[in-house]
Structure formats: structure tokens, C-alpha cells
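In what follows, every heavy atom counts, from backbone to side chain, and hydrogens, waters and symmetry copies are set aside. In the text below, chain A, chain B and the rest are named by the order of the sequence lines, each starting its count at 1.
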4 protein chains.
Amino acid sequence: MPKVGMPAIRKPQLIQAAIEAIDERGFSGATVSVIGKKAGVSPAIINHYFGGKNGLLEETMKSLIREFFLLLKQELVRGKKASGIDKVMIIVKTSFSHSQTQPEVVKVWMGFWALAMHSHVFLRLQRVYSKRLKTALVMELKAILDIQKAREVAHIVASLIDGMWLRGSLDGGINKSYSTKLIRSYLELEIS
Amino acid sequence: MPKVGMPAIRKPQLIQAAIEAIDERGFSGATVSVIGKKAGVSPAIINHYFGGKNGLLEETMKSLIREFFLLLKQELVRGKKASGIDKVMIIVKTSFSHSQTQPEVVKVWMGFWALAMHSHVFLRLQRVYSKRLKTALVMELKAILDIQKAREVAHIVASLIDGMWLRGSLDGGINKSYSTKLIRSYLELEIS
Amino acid sequence: MPKVGMPAIRKPQLIQAAIEAIDERGFSGATVSVIGKKAGVSPAIINHYFGGKNGLLEETMKSLIREFFLLLKQELVRGKKASGIDKVMIIVKTSFSHSQTQPEVVKVWMGFWALAMHSHVFLRLQRVYSKRLKTALVMELKAILDIQKAREVAHIVASLIDGMWLRGSLDGGINKSYSTKLIRSYLELEIS
Amino acid sequence: MPKVGMPAIRKPQLIQAAIEAIDERGFSGATVSVIGKKAGVSPAIINHYFGGKNGLLEETMKSLIREFFLLLKQELVRGKKASGIDKVMIIVKTSFSHSQTQPEVVKVWMGFWALAMHSHVFLRLQRVYSKRLKTALVMELKAILDIQKAREVAHIVASLIDGMWLRGSLDGGINKSYSTKLIRSYLELEIS
DNA sequence: AATGAATGAGTTTTCATTCAT
DNA sequence: TATGAATGAAAACTCATTCAT
């Protein structure tokens with residue numbers, strides 16, 4: 001039995017199992033037993049690696065956020081020659097792409113949002129996401145708008161993204177092309 | 001103890017207690033015992049009146065939705081001489097007012113949203129809200145836009161409302177005046 | 001509202017409701033609520049008339065026993081000119097008739113038997129039945145057999161009756177003609 | 001705590017505890033808490049091993065039946081050189097022996113009988129016992145009687161066994177020698 | 001590192017009973 | 001007499017966690 005590197009294997013494995021469990025059964029149905037079964041390991045090792053169920057959930061959320069901003073960074077690098085609205089749209093599209101790469105994250109993300117309302121840790125994490133998304137938007141928008149306006153538009157775009165995620169969660173998925181089209185048309189209106 | 005009319009007293013009383021309990025402790029913390037204590041009655045009567053905890057939660061969500069659309073109807077009647085953007089803004093403002101009348105509903109509503117993702121009944125209820133809000137918006141918008149455009153704008157406005165609620169839930173409340181200002185400015189841009 | 005004679009109406013009504021409830025749902029399913037519903041009255045009056053659920057059950061069992069021995073007495077009077085085996089067979093037939101007059105009593109009676117094993121009161125009642133049946137059999141048998149033999153045959157016949165009831169309860173009813181035929185053939189063998 | 005073979009230890013241990021609990025307190029008094037206490041373990045492991053209280057009860061009944069037919073088989077093998085009535089009497093004696101080996105089974109068995117009347121699973125189990133006992137009797141009786149008669153006598157003997165068990169349950173035990181004596185005398189009458 | 005065994009705390013729900021009307 | 005309202009006690013069951021191996 002290899003003794004080294006086990007955490008590096010087990011942790012992502014359990015996080016993925018947690019995401020799937022939450023997606024399938026909701027937060028209340030995602031018991032350690034279910035998650036363990038899904039990962040093919042004993043529920044007891046969740047405690048071993050994460051110090052408890054809550055630890056796993058925290059890591060899961062952090063992982064989701066980290067993954068998103070990693071993706072965003074990559075996309076922004078890839079499109080660094082774009083400008084104006086196109087640059088903003090990269091953020092928008094990435095927001096929706098994330099949910100397409102892994103469709104189950106929609107429900108999970110929204111579940112964490114609800115959790116955030118009564119848990120310090122999750123609230124902090126959710127705010128990190130929320131702030132960073134807005135900051136990224138402002139960053140691009142202030143190139144084409146004055147800072148004051150940029151902040152307002154960023155707030156609108158961020159709200160649109162979240163609102164469309166929310167509504168998408170109700171319909172079993174987000175309609176990426178329709179969503180991006182509408183947001184782009186708004187931006188064009190605002191900027192031209 | 002009075003014999004008649006008790007259901008009419010107990011049911012709203014328990015629904016209100018449920019809202020407060022969810023607001024304070026989240027869904028997982030809102031046990032029948034907590035709700036009962038908050039209402040000053042035995043947990044057992046939740047079963048008596050609602051056939052179980054789930055029955056109470058369903059009625060609570062229905063009550064929230066009913067209350068909102070009642071308020072909306074009243075506001076639309078009061079402002080029936082308004083026209084164009086003003087008419088649409090009545091819907092927007094009412095959406096945010098609802099949360100001001102009873103600040104705790106923000107968390108509760110979002111909690112139900114998360115619940116909806118894995119429960120038939122709550123999904124149905126959430127969709128009712130979602131559809132009716134959009135329908136109301138389309139109704140007003142088609143007076144000033146062609147039907148196709150009206151639908152798109154309605155989708156955007158509805159997403160903005162929901163997105164701002166969602167973000168507001170993170171900050172312990174919705175900034176009504178800022179939110180309505182931003183939505184109005186969008187509408188003016190779209191319509192003028 | 002007539003004030004007199006209510007007990008005389010309510011008591012048998014509730015006893016009959018109890019029998020039906022036990023027949024349909026078993027002892028554990030026969031709650032005061034179910035019995036009350038079946039009788040079309042509030043469960044609370046069971047306490048009023050019987051001092052509690054247990055009181056009702058006791059009265060129900062007493063009623064079953066009383067009814068059986070009343071029937072037996074009538075049949076023995078009706079057939080008082082019969083003699084020998086025929087006289088004994090009157091008792092046997094009546095035992096099975098009782099279950100035909102009211103088919104649901106088979107399950108109920110067996111349920112009480114089980115109850116008797118852990119309750120003083122019901123044990124006493126069951127023994128009353130048990131003894132009186134045997135006594136009745138001995139009474140008739142000693143006319144044709146010496147007392148010692150009469151007791152033995154009575155024991156066998158009583159056991160056959162009870163055993164056939166028991167087995168009948170498994171098959172949803174007692175086959176009266178087959179049962180009586182077998183018992184008679186035994187008696188003929190024993191006596192001739 | 002040992003890791004392997006625990007189910008093989010715990011399951012019979014809990015079944016025995018269930019038998020004792022039912023014997024002492026009846027079915028309604030045999031709660032998981034009582035059974036757990038009697039077995040010296042937490043009530044929660046009943047769920048662990050049997051998937052719930054009902055699972056334990058089913059296994060308990062199965063165990064009782066299995067044990068009886070195992071004993072019967074052994075006795076029939078031991079007495080395989082016997083013939084005629086003696087062979088039949090082996091079955092009869094074994095039926096009563098079973099209750100002597102473990103006196104508490106009388107009450108328990110009768111309790112299950114009552115349970116069977118309103119539960120599919122227990123009804124099926126009880127019928128298995130009922131049929132197998134009769135089949136075993138027919139098997140021996142057809143060596144000395146024609147098949148038709150063998151069936152009738154088997155029915156009588158089976159009813160006698162059950163009836164005497166039933167009556168024995170009232171008296172805190174079965175009088176084995178008296179019971180077997182009476183049944184043998186019946187068989188001699190029938191066969192000679 | 002990993003697990004099966006075991007548990008205690010806590011959840012919803014059921015139910016007989018009491019009580020004011 | 002009869003009832004709807006209300007409750008307390010207790011039931012089965014769930015679940016995160018701990019522990020010896």
C-alpha cells in the first residue's frame with residue numbers, strides 16, 4: 001500500500017463524491033454514508049481527512065470557487081487581445097461555462113448559497129466569490145466606462161449572472177447561449 | 001380554551017414561527033421542537049394541523065408566495081394610472097418591498113429555493129412564483145415593446161430581481177433604492 | 001338530545017367499532033382515533049365511557065365471551081332432546097358458528113389471546129372462556145363416558161376447537177363443515 | 001473490539017434478546033430500547049444489523065421456525081427405525097419438546113401468530129410452519145393409512161398440537177406428557 | 001491508511017389522555 | 001353528553017462521530 005500521496009488522491013475523490021451526492025439528493029440527503037459509498041470508501045475516512053463532514057463541505061465549496069476563478073483566469077489570458085464588451089463577455093461566458101463543464105454544480109452552488117445564510121464560514125466563502133466576480137467585472141468595465149458607472153454596470157451584470165444561475169437551477173440547467181445573448185445586448189445598449 | 005376558529009389562529013401562528021425559526025437557524029436548524037417553542041405550543045400540534053413538518057413547510061412557502069402576489073396586485077391597482085416604465089417599476093419595487101416589510105423572508109425564500117432543487121412539491125411552488133413574476137412583467141412590457149422584445153426584457157428584469165435578492169441575502173438585506181435605481185436605468189436605456 | 005340511555009347506545013357501538021378496527025388493522029393499528037372514527041364519535045368519549053382504551057378492550061373481550069356463551073346456552077336449550085355425541089356436537093358447532101355469525105371475531109379473538117399472555121386481566125378472561133368451554137364439554141361427555149375419560153375427551157375436543165380456530169385464522173376463515181366433520185368422526189371413534 | 005465475525009455474534013444475540021423481551025413484556029412492550037438493553041448493546045445497532053425493528057422480528061420468527069424443523073429433522077433421523085404410530089409421535093413429541101427446551105417460545109410463538117393476521121410477511125412465515133408441519137405428518141401417516149384418511153388425521157393432529165400449545169400458553173407452559181398421551185391414545189384409536 | 005463496529009444525541013411522529021367549553 | 005384542542009411521553013429511526021484493530 002502506497003503511503004505517500006494518499007491525501008492527494010482521497011481528498012479530490014471525496015470532494016467529487018460530495019458534489020455528486022448533493023446534486024442527486026440535496027444537502028439534507030448527502031450524508032457521510034452516501035458520500036462514502038459514492039467514493040467507494042468508508043464514511044469514517046471523511047473524518048480522517050477533513051476532520052468531519054463540515055470540513056469536507058467547506059473544502060468542496062472552496063474547490064468549486066477555486067476551480068471557477070482558475071478557469072476565469074485562463075479564459076482571460078486566452079482572450080487578452082479582446083477588448084471592450086468582448087472582454088466583459090469572457091467573464092460572463094466563463095460563468096456559464098463552468099456550469100456546463102459540470103452540470104451538477106448548479107444545484108450544489110445554490111445549495112451552498114442557502115447554507116451561507118446561517119454559517120459564518122460559508123458566508124465568508126460566498127462573499128469571496130461574490131466580491132471577486134464583481135471586481136473582475138469592474139476591472140474590465142473601467143476600461144470603457146468611468147469608475148462610477150463601471151461599478152453600477154458590474155453590479156447589474158453580476159446580478160444577471162447570479163439571477164440566471166438561480167433561475168437555471170429551477171429548470172435543470174442554464175441556457176448558456178440565450179443568457180449570454182441577453183447580457184451582451186444589455187452591455188451593447190449600455191456602452192455604445 | 002376556545003373551541004372554534006383555532007385552525008385560523010394556529011396555522012398562521014405556526015407559519016410565522018417557522019419563518020422566524022428558518023431565518024434564525026436555517027432549514028436544518030428549524031426543527032419542529034424549535035418551531036413549537038417559538039410558537040409557544042407543543043411540537044405535536046404541527047402534526048395535528050399540517051400533517052407533519054413537511055406540510056408546515058409547504059404551507060409556509062405557499063403563504064410567502066401568496067402574500068407576495070397579493071401585495072403585487074394591490075400595488076398594481078394603486079398605480080393603475082401609471083404607464084410605461086413606471087408600471088414595470090411597480091413590480092420591481094414591490095419585489096423589493098416584500099423583503100423590507102419582513103426582512104427575514106430573504107433568507108427563508110432562498111432556503112426554499114435550495115429545497116426546491118430536490119423536492120417535487122417545492123420545485124413546483126418555486127416555478128409558480130417564477131412564472132407568475134415573469135408573466136406579470138411581460139404583461140406590462142408588451143404595452144411598450146413588441147412581444148418578442150418584451151419577453152427578453154422581462155427575463156432580464158426577473159433575473160435582476162432574483163440576482164439582487166440573492167446578493168442581498170449575502171449582505172443581510174437588499175438595498176432597495178440602489179437596486180431599483182439600477183433596474184430603472186436599464187429599462188430607460190432599453191425603452192427610450 | 002336524549003340524556004338517558006346514552007351508555008346503552010354508545011358502549012355497544014364502540015365495542016363493535018373496536019372489533020372492526022382490530023379485525024381490519026390488528027391490535028397495534030386499532031388506535032382510539034381509528035375506533036372513534038369508525039364509531040363516528042370523538043375518541044375522547046372512549047375515556048368517558050370506559051375510563052381509557054384498556055377499559056374498552058376489556059369490555060370488548062367480555063362482550064365476545066358473553067355473546068358466545070349466550071349463544072351456546074340457547075343452542076343447548078334448543079337441542080336439549082339430543083343425546084350422546086349429538087349433544088357434544090352442539091357445543092362444537094356453536095363454537096364454529098360464532099365465527100360465522102361474525103367472521104371478524106376470529107382475528108380479534110386470537111389477538112386477545114396474544115394479549116392475554118402479558119396482561120393479568122385478559123389472562124383471567126381468557127381462562128374463564130377456556131374453563132367454561134371445557135366444563136360444558138365435560139358436562140355432556142360424562143353422560144356417556146366415565147368422568148376420567150370424559151375429562152380427557154373434553155380436553156381433546158377443546159384443543160381441537162381452539163387449534164382449528166387458530167389454523168382458520170391463518171386462512172381467513174374457518175371451514176365449519178370440515179371441522180365439525182372431523183371432530184364428529186373422532187367422537188364416534190372414541191365413544192362407540 | 002474484534003472486527004470480523006461480529007454479525008455472526010450480534011445477530012443471534014439480538015434474536016435471543018428479542019425472544020426474551022417479547023416473552024417478558026409482550027410484543028408491544030418489546031421496544032428496540034428494551035431489546036438493546038437486554039442484549040447489552042445500543043438500540044441503534046438493531047438498525048445496523050437488521051435494517052429496523054421489523055427486520056429483527058422477521059429474523060426472530062424465521063429463527064424459531066428454522067430451529068423447530070431442524071430439531072424435527074434430527075429427531076426423525078434418530079428414530080428412523082420406528083414405525084407406524086411411533087413415527088408420528090416423534091413429530092408430536094418434538095412439537096412439545098421445542099417449547100420445553102425454551103419455555104419462553106410459547107408466548108413468543110403465539111404473539112407472532114397474532115401478528116401474522118395483519119402482516120403479509122409474518123402470515124407467510126406462519127403458513128410455512130403450518131404447511132410443513134402438516135406435510136410432515138401426512139408423510140408418516142400415509143404409510144399406515146390411505147392418503148385421504150392420512151390427510152384428515154394429519155389435520156386433526158396438527159390442530160391438536162396447535163390447540164394444546166394455545167391452551168398451554170394460558171397456563172404458563174405445556175404439559176408435555178399429558179398432551180402426548182392424549183394424542184397417542186387418539187392415534188391408536190384411529191389406526192388399530 | 002482504512003475500516004467495521006458501535007454509540008449517543010437528536011429528529012419526526014404517534015398516541016392515549018386531559019381539559020375547557 | 002360530547003368535542004376539538006392540546007400535550008407529554010415514548011416510539012422508531014438517522015446520522016456524524018469515535019474507536020479498536
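- At whole-Å resolution of the value, CD1 in D:Ile45 and P in F:dC15 are 18 Å apart.
- Within the structure, no pair that satisfies the ring-ring contact (aromatic ring centres under 6.0 Å, His included) test touches residues 28-53 of chain C, not counting sequence neighbours.
- Rounded to whole Å, the distance from CD1 on D:Ile35 to P on F:dC13 is 11 Å.
- For C:Lys62, the salt bridge (Lys or Arg N to Asp or Glu O under 4.0 Å) test picks out C:Glu59, with sequence neighbours left out.
- Atom OH of D:Tyr49 is separated from atom C1' of E:dG4 by 8 Å (rounded to the nearest Å).
- Across E:dA6, F:dA2, E:dA2, the shortest atom-to-atom separation from the side chain of A:Arg10 is found for E:dA2.
- In this structure, the separation between CD1 on D:Ile19 and CH2 on D:Trp109 is 10.5 Å, given to the nearest 0.5 Å.
- A search for salt bridge (Lys or Arg N to Asp or Glu O under 4.0 Å) contacts involving B:Lys38 returns B:Glu24, not counting sequence neighbours.
- Taking the six-membered ring for Trp and thresholds of 30 and 60 degrees, C:Phe122 and C:Phe112 have nearly parallel ring planes, at less than 30 degrees apart.
- Taking atom CZ on D:Phe27 and atom P on F:dA11, their separation rounds to 16 Å, with Å as the unit.
- Between the CE atom in D:Met6 and the CD1 atom in D:Ile45 there is a gap of 9.5 Å [rounded to 0.5 Å].
- Atom pair D:Leu56:CG and F:dA11:P shows a separation of 16 Å (rounding to whole Å applied).
- Distances shown here put every side-chain N or O of C:His48 at or beyond 4.0 Å from the OP1 or OP2 atom of F:dA2.
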**Request:** Could you encode protein contacts along nucleotides 9-14 of chain E as a string, one character per nucleotide from 5' to 3', using B for base contact, S for sugar-phosphate-only contact and - for no contact, with a heavy-atom cut-off of under 4.0 Å?
**Result:** --SSBB

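- Looking only at distances, no side-chain donor or acceptor of D:His118 sits under 3.5 Å from a matching main-chain atom of D:Leu123.
- Remark: C1' of F:dA6 and CZ of B:Phe50 are 15 Å apart, rounded to the nearest angstrom.
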**Request:** Starting at the 5' end of DNA chain F, write a dot or bracket for each base, bracketing those in Watson-Crick or G-U wobble pairs whose two distances are under 3.5 Å and using | for partners on another strand.
**Result:** .||||||||||||||||||||

Side-chain donor-acceptor contacts of residues 25-37 of chain B below 3.5 Å, not counting sequence neighbours, with atom names and distances?
residue : atom : partner : partner atom : Å
B:Thr31 : OG1  : B:Ser33 : N            : 3.4
B:Thr31 : OG1  : B:Val34 : N            : 3.2

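- With F:dT3, F:dG8, E:dA6 as the choices, the nucleotide that has an atom nearest any side-chain atom of C:Val41 turns out to be F:dT3.
- Residue C:Met110 holds its CE atom at 13.5 Å from CG of C:Leu115, rounded to the nearest 0.5 Å.
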